[in-house]
Chemist: 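Structure provided below as structure tokens; questions to follow.
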Amino acid sequence: MRICESAAEAVEGIEDGSTVLIGGFGMAGMPVELIDALIEQGATDLTVVSNNAGNGDTGLAALLAKGRVRKMVCSFPRQHDSWVFDGLYREGRIELELVPQGNLGERMRAAGAGIGAFFSPTGVGTPLAEGKETREIDGRTYVLELPIKGDVALVGAHRADRMGNVVYRKTARNFGPVMATAATTTIVQVREVVEIGDLDPEQVVTPSIYVDRVVAV
Amino acid sequence: MRICESAAEAVEGIEDGSTVLIGGFGMAGMPVELIDALIEQGATDLTVVSNNAGNGDTGLAALLAKGRVRKMVCSFPRQHDSWVFDGLYREGRIELELVPQGNLGERMRAAGAGIGAFFSPTGVGTPLAEGKETREIDGRTYVLELPIKGDVALVGAHRADRMGNVVYRKTARNFGPVMATAATTTIVQVREVVEIGDLDPEQVVTPSIYVDRVVAV
Amino acid sequence: MSSAALTKDEMAARVARDIPYGAYVNLGIGQPTLVADHLDADAGVVLHTENGMLNMGRAAVGDEVDPDLTNAGKQPVTELPGSSYFDSAESFAMMRGGHLDVCVLGAFQVSAGGDIANWHTGAPDAIPAVGGAMDLAIGAKQVFVMMTLFAKDGSPKLVPSCTYPLTGVGCVARVYTEVAVFDLTPDGVVVLDTFGTTYDELAERLDVPLTQG
Amino acid sequence: MSSAALTKDEMAARVARDIPYGAYVNLGIGQPTLVADHLDADAGVVLHTENGMLNMGRAAVGDEVDPDLTNAGKQPVTELPGSSYFDSAESFAMMRGGHLDVCVLGAFQVSAGGDIANWHTGAPDAIPAVGGAMDLAIGAKQVFVMMTLFAKDGSPKLVPSCTYPLTGVGCVARVYTEVAVFDLTPDGVVVLDTFGTTYDELAERLDVPLTQG
């Protein structure tokens, strides 16, 4: 675990072609400063996994606008302010894997928890399950879903201690905790880094074992 | 959600032949008063799912001693003070399904989360995977595991509010939160019931949606 | 039978009336959100939002607005006493595990057998987006749909079989429209209530067999 | 080569020496627990206990004893600053997902190919109990085994193939014994260190091919 002095330091070494998990539901929990640093850092040909596909012209939308993302894996790209993604998609300049939101979270949880695959109740009989293995178990039909593992996770959180224990705030928690478990390198931006012992051990949401780098922004 | 006046009221209606999930790792988090009330209530022919198979002569061990349990599903029955279970098992008076602890937790999580089955990394190539379906995924072999669903969960926790939000204390948390999600009726004993609004929403571990009855003991 | 078709607010009120005391409820984006305005505080209904919260309060105004506290539509909201926060995996585990009592969804089409289509028109230039719709469709003990009964071109949206891409199969329990409420049962579609129309008029305009409730 | 076989404490110290700075470590029940006594506070090692805690402290004494705070052996322990608590599903997800750097297990037998048997003797009257052993065996980046090299009857416990029921397949990286440390590599068993014995003596007493490290 490393406390970084800057967002630039926090995103060092992210390679071209990486799969990057990016937290946030809309702008709540989106690690805007880490994304800005990633744009500056220059990694390209990325696969980005995030619930949405960017809002307005900042954060994830800015990364998309720079042409750094080959493929989006998300549940809800189409929003009133998703014009950057919309344009790229209509021009055929970005690939989209659309995943029901519950499968998105559960597939990342599976990656973090060592589950090889799981039978999901969601999407059965719909176009999003086409071509996927199904199985009836105990009278109900399920679709087999595979883990989504990241090379890197970029997570926006509230506070971290110097060991890397992390707490979130309200609904900005969303995908952060599960993404933190699912990536080889988990990078967390927080509003404040506190001393070891300053977080109540009962309240830690992402334990330090999952966290590789922390930066206060 | 009902706040019960007594442990006896809390265990009302548990039927013969039920599958009962019982929290605790050893005595930490074991809902002793609920188990005592269940003994008094009289339900029998039970399948009990719990990490251990009772310690000393109280709690789960007392339920076993009364002959109310047809089958134990657990990871670690053999302890220095598990004489009640040991005796029943050697006399062939109780059935045992031994489950690796991680599969035990994950199978209950699957039940609570609507997962039909999952490929687990644990137990591959061991006697506990014999007869189970295996599959190689991405170069690693996994064993297919099915959900464990309870009719009832008996959970020992620290505090609850009057809506049924629950917090635990230290390592007494263990199986409580996952069992609370996996049963049709979840019954929680706590040391203290507090008013709605007295628990910090960020700190709630078992949200009220999972809880059917609460009793302070 | 009422004398006029319901307004959106009246439809929302009608849905709210059918939500049992103490229920855990998810209201989908769009029209279903209106239902919240018709739930009395003493109905004990707890609202779930897919982005990770139980006991969500009303829309935030003025100083209450907090960018860390939004609903599934990404609008600022408030919290009520007794709320809880959790991550997305837990939030969807809650749905998918069948812990919600009711969810209310909008729809393009619902079939007599309870299939729902509400995520994609299938138009070739449309950008597909599903969000939590498929999880909600299969994840609540009862799924209510709230929609107009007829599309702009006059074609019915309660159909023998959906022509739009499906969201979920056989999962809708009840359909609330401006002119009628329908129960979808294993024995067929039952008309529970009509507003500004008659059972016979409905039977004529719809392609699905109806029963009078 | 040391001049005498190691005591249990010396073995524990030898294991502790090989745990990297800042590692997340699970110490199995029994002998591996001793390793904790040999980890310096400035080694930055964080101990995981399967019953739901990171950064567990030493055994609790006197007033520190709290029935809500125990280790995997159900003994009272303490917490260190920076600890965290979580439920059993999360605790095992942490293991099974490969997030622990090292786990140290006892064993009845280890095979040259890294199989481990440590949960069941296979005796017909034994009450089987597995606990978290199978999860730990497959769940850490590196699995260390700490055991005596020979059983009470003199038979080796590092064997060509385990005869006891297996706990995990091909998962052990290193074996620490009172007379030698072995690396289990894809190319075979490498003797890293000997204590009170020689490479040649080991090669004679063991049925597995050895390489001098």
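Every heavy atom of this structure was used, including side-chain atoms; hydrogens, water molecules and symmetry mates were not. Order of the sequence lines fixes the chain letters, A, B, ..., with proteins taken first and strands second; residue numbering starts at 1 for each chain.
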Chemist: Does any part of the side chain of A:I115, heavy atoms only, come nearer than 4.5 Å to the side chain of D:R96, both counted from C-beta?
Modeler: yes
Chemist: Closest heavy-atom contact between A:P201 and D:S83?
Modeler: CB-O, 3.3 Å
Chemist: Select one option (side chain, backbone, both, neither) describing which atoms of A:R162 are under 4.5 Å from chain D's heavy atoms.
Modeler: neither
Chemist: Around atom NZ of D:K141, are there more than 12 heavy atoms from other residues, nucleotides or ligands closer than 6.0 Å?
Modeler: yes
Chemist: Is any side-chain heavy atom of A:S208 closer than 4.5 Å to a side-chain heavy atom of D:Y24?
Modeler: yes
Chemist: How many angstroms lie between CG in A:D161 and OG in D:S84, if you round to the nearest 0.5 Å?
Modeler: 9.0 Å
Chemist: For each of A:G112, A:A182, A:A111, A:A110, tally heavy-atom pairs with chain D at distances under 4.5 Å, and name the one with the top tally.
Modeler: A:G112
Chemist: Can you tell me which portion of D:N55 sits under 4.5 Å from chain A's heavy atoms? Options are side chain, backbone, both or neither.
Modeler: side chain
Chemist: If I take atom CG from residue D:L54 and atom CE from residue A:M163, how far apart are they, to the nearest 0.5 angstrom?
Modeler: 7.5 Å
Chemist: Relative to chain A, which segment of D:E79 carries a heavy atom at a distance below 4.5 Å: side chain, backbone, both, or neither?
Modeler: side chain
Chemist: Check each atom of A:L199 against the heavy atoms of chain D and say whether the ones under 4.5 Å are side chain, backbone, both or neither.
Modeler: neither
Chemist: If I measure from the heavy atoms of chain A, does D:M94 come under 4.5 Å with its side chain, its backbone, both, or neither?
Modeler: both
Chemist: Side-chain contact test, heavy atoms from C-beta onward, threshold under 4.5 Å: evaluate it for D:L100 versus A:I209 and give yes or no.
Modeler: yes
Chemist: Verify the neighbour count for atom CD of D:E64: are there more than 12 heavy atoms of other residues, nucleotides or ligands below 6.0 Å?
Modeler: yes
